Every structure is written in C-alpha cells, then in structure tokens.
Visitor: 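Below you will find the structure I want to go over with you.
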Amino acid sequence: MRTVQKAYRPGYGGYVSEFTQFMNHYLEEHPEVVSDQHKGWYLLWDHKLDPEDPEQPKQDSVPVKGYDYF
C-alpha cells in the first residue's frame with residue numbers, strides 16, 4: 001500500500017520523513033497542543049520589563065562564579 005505525501009512545503013526539500021508526517025498529522029488533529037506550546041513559551045521566555053526600573057534585571061540575576069584554574 002502506498003501512502004500519499006502531502007503537497008510540497010518550503011524548507012522540506014520535497015522529502016518528508018515518516019516522523020514529520022506523523023507530527024504534522026497529530027498537530028492537525030490536536031491544535032490544543034500548539035496552543036499549550038505557545039502558553040509555555042510565553043510563561044518561560046516572554047517577560048515584560050518595566051522601563052522605569054533599570055535595576056530590576058540586576059536584582060533578579062545570580063552572580064556568576066569565576067572559573068578556578070587548578
């Protein structure tokens with residue numbers, strides 16, 4: 001039995017692996033997974049900084065220990 005490949009998508013070079021086909025099909029059937037990914041991204045990475053408080057990033061950082069040569 002032959003499987004029919006989806007139409008060409010830029011960046012895939014014409015070949016789409018079985019895993020990529022599976023993931024594309026899964027994400028089409030489960031759009032909530034993509035929205036959960038976006039929520040996680042915003043939770044971990046996209047923080048708004050207050051431009052009025054330039055000291056805030058310094059207070060939130062952890063000092064880096066120097067590298068000791070032995």
Side-chain angles (χ1 to χ4, degrees):
M1 178 181 267
R2 183 178 167 207
T3 60
V4 177
Q5 242 183 20
K6 289 185 174 186
Y8 172 77
R9 289 177 31 194
Y12 284 91
Y15 171 76
V16 181
S17 70
E18 290 180 19
F19 178 75
T20 303
Q21 290 177 25
F22 167 77
M23 287 304 299
N24 290 340
H25 181 68
Y26 180 82
L27 293 175
E28 285 176 8
E29 291 183 351
H30 300 89
E32 70 276 2
V33 172
V34 176
S35 65
D36 286 346
Q37 287 175 335
H38 290 183
K39 287 178 190 175
W41 175 265
Y42 293 130
L43 178 70
L44 296 173
W45 296 106
D46 292 340
H47 296 284
K48 301 215 186 265
L49 297 176
D50 184 13
E52 301 298 322
D53 188 11
E55 295 297 317
Q56 185 66 28
K58 292 178 185 174
Q59 293 171 358
D60 290 342
S61 66
V62 176
V64 178
K65 293 175 67 176
Y67 181 75
D68 295 326
Y69 291 94
F70 293 103

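Keep in mind the model is a prediction, meaning the values are calculated, not measured.
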Visitor: Indicate whether any N or O donor in one side chain lies under 3.5 Å from an N or O acceptor in the other, for His25 and Glu29.
Guide: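 Looking only at side-chain atoms, Glu29 and His25 do form a donor-acceptor pair, the distance falling under 3.5 Å.
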Visitor: Please enumerate all residues that pass side chain to side chain donor-acceptor pair (under 3.5 Å) together with Glu18, with sequence neighbours excluded.
Guide: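 So Glu18 forms no side chain to side chain donor-acceptor pair (under 3.5 Å) with any residue.
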Visitor: Anything under 3.5 Å between a donor and an acceptor, one on a side chain of residues 34-41, the other on a protein residue two or more places apart or in another chain? List them.
Guide:
from, atom 1, to, atom 2, distance (Å)
Ser35, OG, Glu32, O, 2.8
Trp41, NE1, Asp46, OD2, 3.1

